[in-house]
There are 2 protein chains.
Amino acid sequence: MSNLLTTADEILASARILIMSGGYNGFSYADIAGIVGIRKASIHHHFPSKVDLVRTLVQRYREEGEAGVAALEQNVQDPLELLKIYAGYWAQCIEDASRPFCVCALLASELPSLPPEVAAEVRAFFRFVSTWLTSVMERGSQQGALRLSSEPRVEAEAFMASVHGAMLSARAYGAPEMFAAILAPTLERLSPAVVQ
Amino acid sequence: MSNLLTTADEILASARILIMSGGYNGFSYADIAGIVGIRKASIHHHFPSKVDLVRTLVQRYREEGEAGVAALEQNVQDPLELLKIYAGYWAQCIEDASRPFCVCALLASELPSLPPEVAAEVRAFFRFVSTWLTSVMERGSQQGALRLSSEPRVEAEAFMASVHGAMLSARAYGAPEMFAAILAPTLERLSPAVVQ
DNA sequence: TGTTGTCTACCTTCTAGTAGGGATGCTGTC
DNA sequence: GACAGCATCCCTACTAGAAGGTAGACAACA
């Protein structure tokens, strides 16, 4: 363990990058082996099958997301600010490396052809984000910090859909700034202070 | 030609269904052969390579879309109605077969790993939809038939992103009705008549 | 007679996955 | 401290099957 990351972590990180680029069927153990610098067979030692690998990846992805949200909630109370930070996180990811894309958004588009174990984890991720955003919308509505035009749950789903769709557009146009441009009016609309 | 469809058309139709399920890397010539009822080699007679096949598919997809929009514009003038029909088209697609998904939205998520020829066609599709929606937004704004909160182009991109994101969510939850539920407030917001 | 469409048979390369060997290092026991 | 035993990790070498693609024969047809 001379490195900061274990081999298993390096494998997961490589798989994440590869999935963000081409989805579940868009990468192979050989690709990972090339990046990490070990042999294909060694990957099977850490993750017996591809399903194991991707299931673990998505599971950790959700756990990291849950931890990140928990930490965020401790520092930031304002619901509108939380939504802006959430959108800003993705804006930054997309602009930095131009490639990044929410692993789960990408996998969700392949859902019908995904191994069941992986599909279940992807659905769990969607439920997690949806639940969190709904709670933010509810608080915002109660506190008057957000101006909702429909029920919190629907507003949360619409917001998440905007984020995912904007990612897609940014990728399609090869224009990272498109993400922020699409999200801006959505956030504006949710802001309470503006008097028309 | 005993059938209504030529073999080439059947191949394209099968490829479409398969791509809607698992994307570019999620299907093979063997899959198509199985559906159409011919041998792998026969597919190569119609489409020498997989790239040829998918490029043709996406190109036709856009042409059909352009023709559909042109026909629609002749029958419907009201911009809000056009947006509702556009959203309704996808809502119906998703609810009918539960699997359908805009081929180009799905391919866009795989963009970085797509063959360049296919990627170019996918981008062309996004430009087409964006251009059309922008023109609808512009007209709607001028006529007072739509209430925009930002520039027509941005509003068009945001609308398209909502549609794509809503497709993703509907797929992730396995709940087709989620699509309409997400789009409803978006359409409501664009409606001019409502007086708060 | 040439064109079109399909077939069988084959090729190469890539796929996930397996078997088993060799090195390293930790741990309990004398 | 020495050593046996064991787990960890990575390796080479391999498999079976699937991938996209090719060559060439055959039949139907205009």
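Every chain is numbered from 1 and lettered A, B, ... according to where its sequence line falls, protein lines coming before strand lines.
We find the CE-CZ distance between B/Met20 and B/Phe27 to be 12.0 Å, quoted to the nearest 0.5 Å. We find the CD-OG1 distance between A/Glu155 and A/Thr186 to be 9.5 Å, quoted to the nearest 0.5 Å. To the nearest 0.5 Å, the span separating CD on A/Glu188 from CG on A/Leu80 amounts to 9.0 Å.
At its two ends the helix from C/dT13-D/dA18 to C/dC30-D/dG1 runs along axes set 10° apart, each axis drawn from five pairs and the angle rounded to 10°.
B/Phe47 comes within 4.0 angstrom of no nucleic acid atom, judged by non-hydrogen atoms across all strands.
Test B/Trp90, B/Phe125, B/Phe179, B/Phe126 against B/His164 for ring pair (Phe, Tyr, Trp, His ring centres under 6.0 Å) and you get one pass: B/Phe126. Checking B/Asp31, B/Asn25, B/Ile32 one by one against B/Ser28, the side-chain contact (heavy atoms from CB on, under 4.5 Å) holds for a single residue, B/Asp31.
Between B/Glu66 and B/Arg62 there is a salt bridge, since a side-chain N of the basic residue sits under 4.0 Å from a carboxylate O of the acidic one.
In the region residues 28-44 of chain A, proximity to DNA chain D at under 4.0 angstrom, judged on heavy atoms, holds for A/Ile38, A/Arg39, A/Ala41, A/Ser42.
Among the nucleotides D/dC10, D/dG20, C/dG17, the one closest to any side-chain atom of B/Lys50 is D/dG20.
Using a 4.5 Å cut-off on side-chain heavy atoms (C-beta onward), A/Pro115 and A/Tyr24 make contact.
Nucleotide D/dG20 holds its C1' atom 12 Å from the CG atom of B/Asp52, rounded to whole Å. For the pair B/Asn25 CG and C/dT15 P, the interatomic distance rounds to 10 Å; values are reported in whole Å. Atom NE2 in A/His45 sits roughly 7 Å away from atom P in D/dC10 (whole-Å rounding).
Proximity of A/His46 to the phosphate of D/dC10: a side-chain N or O atom is located under 4.0 Å from OP1 or OP2. Remark: B/Thr7 is in phosphate contact with C/dT6, judged by side-chain N or O atoms under 4.0 Å from OP1 or OP2.
The closest side-chain donor-acceptor pair between B/Arg60 and B/Thr56, if any, does not fall under 3.5 angstrom.
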